[in-house]
Amino acid sequence: MNYNKADFIASYGISSQLPESDRPELSFSGRSNVGKSSLINKLCSRKNLARVSSTPGKTATINFYAVDDCYFVDLPGYGYAKVAKSEKWRWAELIEGYLNDQERDLALVILLVDMRHPATRLDVDMVNYLIETERPFLVVLTKADKLNKTERAQRLAAIADEFPCGEDLTVVPFSAETGEGVEVLRGILEELAAPEDEA
């Protein structure tokens, strides 16, 4: 996959606006401010492909990026309290409308979780949902550089207990600062996004 061929395509605020799926889609999900935009930028070696904000809840749309022959899909962050209830419902409708669309060529959901903290109830709910709907997914533990060796080992061990089927999950520690995990993720994404005759 040529990550240099990366372009912002469009943002969609309601699920009925979403375009038809015509290529493999790699979707990025997680709570507000967990680092989805930073991960997309790091994978594509770009600083400003996906807009990064220090304000949680900034991504209120589903953002599509064409990356070579697939789409990176940045989903709205969940769990941010300081927005109107109507806005939360819109976000929920948007995320569920996207993930429930069986016509989409959804190759993988990348679920981002802050490595420094225990998984939230919403993180666990998302894992349960992805398991129930049989959507392929992996867990990326962001901000890995913020922990020392002992803390990292403790968090990696705890993840297995915090998530359903925790011991069977693919878990990748990641740091936007150091680039840790980038090559591992690129390898996984390239394998999943490859056309069937190449895979």
Side-chain angles (χ1 to χ4, degrees), residues 15 25-40 42-43 50 53-63 72-102 104 106-148 150-176 180-181 184-185 188-189 192:
S15 62
E25 296 178 7
L26 304 160
S27 303
F28 297 79
S29 178
R31 69 173 181 77
S32 295
N33 222 28
V34 74
K36 295 185 295 297
S37 299
S38 296
L39 175 55
I40 291 170
K42 202 71 179 177
L43 286 168
S53 172
S54 59
T55 307
K58 199 71 175 175
T59 303
T61 54
I62 291 183
N63 298 326
F72 280 10
V73 182
D74 188 6
L75 300 177
Y78 53 74
Y80 183 56
K82 295 180 182 178
V83 293
K85 194 167 283 187
S86 60
E87 188 72 349
K88 285 186 186 176
W89 281 112
R90 187 179 67 77
W91 291 3
E93 185 278 333
L94 191 55
I95 296 170
E96 289 172 16
Y98 174 80
L99 292 173
N100 287 338
D101 184 352
Q102 296 302 315
R104 304 211 77 81
L106 185 48
L108 185 70
V109 176
I110 299 101
L111 177 61
L112 282 72
V113 176
D114 190 328
M115 192 174 189
R116 300 171 298 176
H117 309 295
T120 67
R121 178 73 243 170
L122 290 170
D123 292 328
V124 174
D125 287 347
M126 179 61 86
V127 167
N128 274 319
Y129 171 83
L130 293 169
I131 291 171
E132 287 167 12
T133 55
E134 299 182 347
R135 291 297 199 184
F137 73 98
L138 59 77
V139 176
V140 169
L141 299 175
T142 63
K143 310 181 197 296
D145 59 290
K146 308 296 185 190
L147 301 179
N148 63 36
T150 302
E151 292 167 334
R152 285 170 64 107
Q154 290 171 342
R155 287 300 306 133
L156 284 169
I159 285 291
D161 295 323
E162 291 169 5
F163 283 124
C165 306
E167 293 182 357
D168 300 322
L169 298 181
T170 299
V171 177
V172 180
F174 167 75
S175 167
E180 177 186 356
V184 173
L185 281 169
I188 294 170
L189 301 187
L192 288 168

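Positions are given from 1, in the same order as the sequence printed here. Both backbone and side-chain heavy atoms feed into the values below; hydrogens, waters and symmetry mates do not.
With respect to Arg31 and Asp114, a salt bridge is recorded, a charged nitrogen being found less than 4.0 Å from a carboxylate O. Using a 4.0 Å cut-off between a side-chain N of Lys or Arg and a carboxylate O of Asp or Glu, Glu180 and Lys42 do not qualify as a salt bridge.
Among pairs with a residue in residues 167-176, those fulfilling side chain to side chain donor-acceptor pair (under 3.5 Å) read Asp145-Ser175, Ser175-Thr178, at least two apart in sequence or across chains.
Shortest non-hydrogen contact noted between Ile131 and Cys165 is CD1-SG, 4.0 Å. Here the closest heavy-atom approach between residue Gly77 and residue Lys36 is recorded as CA-NZ, 3.5 Å. Leu106 and Pro136 make their closest contact through O-CG, 4.0 Å (heavy atoms, listed as atom of the first residue, atom of the second, distance). Closest approach of Arg155 to Pro118, counting heavy atoms only: NH2-CA, 3.4 Å. In terms of heavy-atom proximity, Ile159 sits nearest to Leu141 at CD1-CD2, 3.9 Å. The two residues Ile62 and Val73 come nearest to each other via the heavy atoms CG2-CG1, 3.4 Å.
Leu43 CG to Ile110 CD1: the interatomic distance, rounded to the nearest 0.5 Å, is 8.0 Å. Taking CG of Leu185 as the start and CG of Leu108 as the end, the distance is 9.0 Å to the nearest 0.5 Å. Once rounded to the nearest 0.5 Å, the distance linking CG of Leu122 with OH of Tyr129 reads 14.5 Å. Rounding to the nearest 0.5 Å places CG of Leu99 at 6.5 Å from OG of Ser29. The structure places CG of Leu112 at 8.5 Å from CD1 of Ile40, a figure rounded to the nearest 0.5 Å. Rounding to the nearest 0.5 Å places NE2 of His117 at 11.0 Å from NZ of Lys146.
Among residues two or more places apart in sequence or in another chain, the salt bridge (charged side-chain N to carboxylate O under 4.0 Å, His left out) test is passed with Asp125 by Arg121. Asp161 is linked by a side-chain contact (heavy atoms from CB on, under 4.5 Å) to nothing, counting only residues two or more places apart in sequence or in another chain.
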Apply side-chain contact (heavy atoms from CB on, under 4.5 Å) to residues Val184 and Phe174 and explain how you reach the verdict. CA-CA 9 Å; Val184 173; Phe174 167 75; over 6 Å; no
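Side-chain atoms of Arg135 never come within 3.5 Å of backbone atoms of Val109 as a donor-acceptor pair (strictly under, hydrogens ignored).
With respect to Val124, the side chain to side chain contact (heavy atoms under 4.5 Å, CB included) criterion is satisfied by exactly one of Val127, Thr120, Asn128: Asn128.
Within the 4.5 Å cutoff, no side-chain heavy atoms of Phe28 are placed close to those of Leu75.
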